[in-house]
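Here is the structure we will look at, set down as structure tokens.
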Amino acid sequence: MSASTSCRYPHGVRCTNVRMSPDLTKELPVSTPAMRMSTLFLRTLREDPAEAELPSHRLLVRAGYIRRVAPGIYTWLPLGLKVLRNVERIVREEMDAIGAQELSFPALLPREPFEATGRWTEYGENIFRLKDRKGADYLLGPTHEEMFTLAVKDLYGSYKDLPLSIYQIQLKYRDEARPRAGLLRGREFVMKDSYSFDVDDAGLQASYDAHRGAYIKMFDRLGFDYVIVKATSGAMGGSASEEFLATAENGEDTYVRCTSCDYAANVEAVKVPSPPAIPYDGLPAAHVEDTPGTPTIDTLVDHLNAAFPRADRPWSASDTLKNVLVMVVHPGGRREPLAIGVPGDREIDEKRLGAQVEPAEIEAFDEADFAKHPALARGYMGPGALGEDAASGIRYLLDPRVVDGTDWVTGADSPDRHVIGLVAGRDFTADGTIEAAEVRDGDECPSCGQVLETARGIEMGHIFQLGRKYAEALGLKVLDQNGKLVTVTMGSYGVGVSRAVAAVAEGCHDEFGLVWPRELAPADVHVVATGKAEEVFAKAAELTDALAAQGVSVLYDDRRKVSPGVKFKDAELIGVPTIVIVGKGLEVGTIEIKDRATGVRREVPVDQIVDAVVSEVRGSAS
RNA sequence: CGGGCUGUGGCGCAGCUUGGUAGCGCGCUUCGUUUGGGACGAAGAUGUCGCAGGUUCAAAUCCUGUCAGCCCGACCA
């Protein structure tokens, strides 16, 4: 092999790539040819595409970054690809910085490893499955736990090999029931996933902490507002779980944060604090009353206030205990009824409930199910009939607020009758507690007791301690210091890379278009040549070249016969952070620099323009 | 999978109620004028009206079926 190789760039420019020392490489500015609007594969749209609802989706399509190919499947056009690559670069740099090593698994995977972990069936409809010509089953990887685990098993066998963190940035495929919101929930998407491998829990914690640190740096650089919240680990199982959410009104995830301390959690992970038990000496005995036509909480409260008015205050929904039945469907298909008691002023939050019963799923308790349980008086169910030891034999779990000594109005287990003053602990007990009631603004913070507020976000990253689930399923063991086989413990860390492009766009835009953070922008500078004077284009081209020579990436609008208005609109839509306008200022020897985000513009003498732009680009790059 | 809505040129839409040989804006092509905020004029090109049946002398339009897409919900890194 010779010491130099040559390649051809698409423009036909011949370049010689001489091997050089790393130090030498560093000294040379990296010069990228400017993108010219006259030839760039781009078409901006004046009108919003009908398919897009969210600002990020609308703008990415309008500005010519992406095109939809099928539901949840998008083409990256040149500008979009630049941004995607920038996100990848940031992620890669921060992963490399903690010593994680990049590799790349296939997207097309055989069935067997997923069979071993049970996910071929557990993942269900969300897997894209296909067969090869011989009829063998394959899938397009929705995540790669199995592949990472097997790769380590394949190569490593000793505690001396650990710890290890490996990652990939790769396409994932999920056959979502309903793809939506453009890049935010696609069926094909780019994800960075990494896994840490350690011999013991202390090692896992250290790997987790390293990733957490890397994620903080990464998300700081990505340039959107985010919060780190406590989370549940979803279908993967595991503990010590945190999510990085981009704060966004349109986000799909609801989280809470404390208005006083730093507590923040996904609603699914909120632990409702139990108030202290109340002594029930001296509380009046419970009594059953006729409450005709009161199958709902509203009708019950109205009836109570009419028929049994309280002396101190009116009855309210929070005085009642609402009992709700659901059907828990276990992975094997076994159906188990479950009764949940919550204060009557709260609904069951199905996401929270779902997180509690994972990996089982929740189905509605239907007519046929009621028919099988004659002990249940629909609309008038009470603790009397519920519980594993009671008439129905149905497991009964209570909201943590229903502590011993609290008293309730609740169903008396016969039609049109309720019991008043039923005291928890004295008159009834349950089989345990469950976090299933909705979380609301103003709820008590589990950490400091102050007030919680809810907000919405987009899940951008998730880190959690996966533990030994996959290592056990796939037999990943190493020899420890004593020559004994121990099962490796794993951490799992994901970042939605393509989703980040949309999330940033969702957070960084105005009425005119996108406003990219500098590190993600498809170019450092957007040079706009206005007018038709030959000298304007000559000067703009010269400036473009000079900037490129300085390592500044330039998008140069060199289109002739396109009016200045169109060029300005396009520049604002595309959202490169610095816009340089070469035009009528030339007559007095100036060129204009405009900041896309603030709209602030200033005239700079022609002979200082390169330095001014370079310092603009470098200066605000922090 | 439930609920709602929509399929008409590259994009955004009108036309459908009351059947009569398909239209507007943007974009595209050519020529000319214009060039600091999505210019103007003239001349053009581009359509199996989602698909399949049916009714009718005649269907974008009415009927039946079907497919696809979008939105809300369910579900979900």
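This structure is a prediction, so every number in the text was calculated from the model and none was measured. Residue numbering restarts at 1 for every chain, and letters A, B, ... go by the order of the sequence lines.
- Base pairing of B/G19: no nucleotide in any strand meets the Watson-Crick or G-U wobble criterion (both distances under 3.5 Å).
- Across every strand in view, B/G27 sits unpaired, with no contact that passes the Watson-Crick or G-U test at under 3.5 angstrom.
- Judged by Watson-Crick or G-U wobble contacts below 3.5 Å, the nucleotide B/C70 has B/G4 as its partner.
- Picking from B/C76, B/C70, B/G38 the nucleotide with the shortest atom distance to the side chain of A/Arg185 gives B/C76.
- In this structure, A/Glu176 places its CD atom 15 Å from P of B/G69, rounding to the nearest Å.
- Across B/C72, B/G38, B/C76, the shortest atom-to-atom separation from the side chain of A/Arg178 is found for B/C72.
- Counting distance only, with no hydrogens placed and no angle test, the side-chain atoms of A/Asp570 and the base atoms of B/G38 include a donor-acceptor pair under 3.5 Å.
- If you check every strand for non-hydrogen atoms under 4.0 Å, A/Pro142 touches nothing.
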Next item on the list: Starting at the 5' end of nucleotides 25-37 of chain B, put B wherever the base has a protein heavy atom under 4.0 Å, S where only the sugar-phosphate does, and a dash everywhere else.
Entry: BSS-------BBB

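- The base of B/C71 lies outside donor-acceptor range of the side chain of A/Arg180, with no N or O pair under 3.5 Å.
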Notebook entry, point to check: Should A/Val229 and A/Val256 be marked as a side chain to side chain contact (heavy atoms under 4.5 Å, CB included) after you check the CA-CA gap, both sets of side-chain angles, and the distance that decides it?
Noted result: CA-CA 8 Å; A/Val229 304; A/Val256 297; over 6 Å; no

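- Of the residues near RNA chain B, A/Asp253 and A/Pro49, the one whose nearest nucleotide (by heavy atom distance) lies more toward the 5' end is A/Pro49.
- Pair assignment for B/G65: B/C51, on the basis of Watson-Crick or G-U wobble contacts that are both within less than 3.5 Å.
- A side-chain donor-acceptor contact under 3.5 Å links A/Ser241 and A/His462.
- Mapping A/Leu45 and A/Pro71 onto RNA chain B by nearest heavy atom places A/Leu45 at the nucleotide closer to the 5' end.
- The nucleotide B/A39 finds its pairing partner in B/U33, both defining distances of the Watson-Crick or G-U wobble pair being shorter than 3.5 Å.
- Aromatic ring orientation, A/Trp516 versus A/Tyr65: tilted (interplanar angle from 30° to 60°).
- The interatomic distance linking A/Phe128 (CZ) with B/C76 (P) rounds to 17 Å, in whole Å.
- Partner assigned to B/A60 is none, using Watson-Crick or G-U wobble distances below 3.5 angstrom.
- A gap of 15 Å separates the P atoms of B/A14 and B/G25, to the nearest Å.
- Only one option out of A/Arg62, A/Arg559, A/Arg46 pairs with A/Asp570 in a salt bridge (charged side-chain N to carboxylate O under 4.0 Å, His left out); it is A/Arg559.
- A salt bridge links A/Glu534 with A/Arg560: the closest approach of a Lys/Arg side-chain nitrogen to an acidic carboxylate oxygen falls below 4.0 angstrom.
- The CZ atom of A/Phe568 sits 7.5 Å away from atom NZ of A/Lys594, with the distance rounded to the nearest 0.5 Å.
- At a threshold of 4.0 Å, the pair A/Glu616-A/Arg602 counts as salt-bridged, since one of the basic side-chain nitrogens sits closer than that to a carboxylate oxygen.
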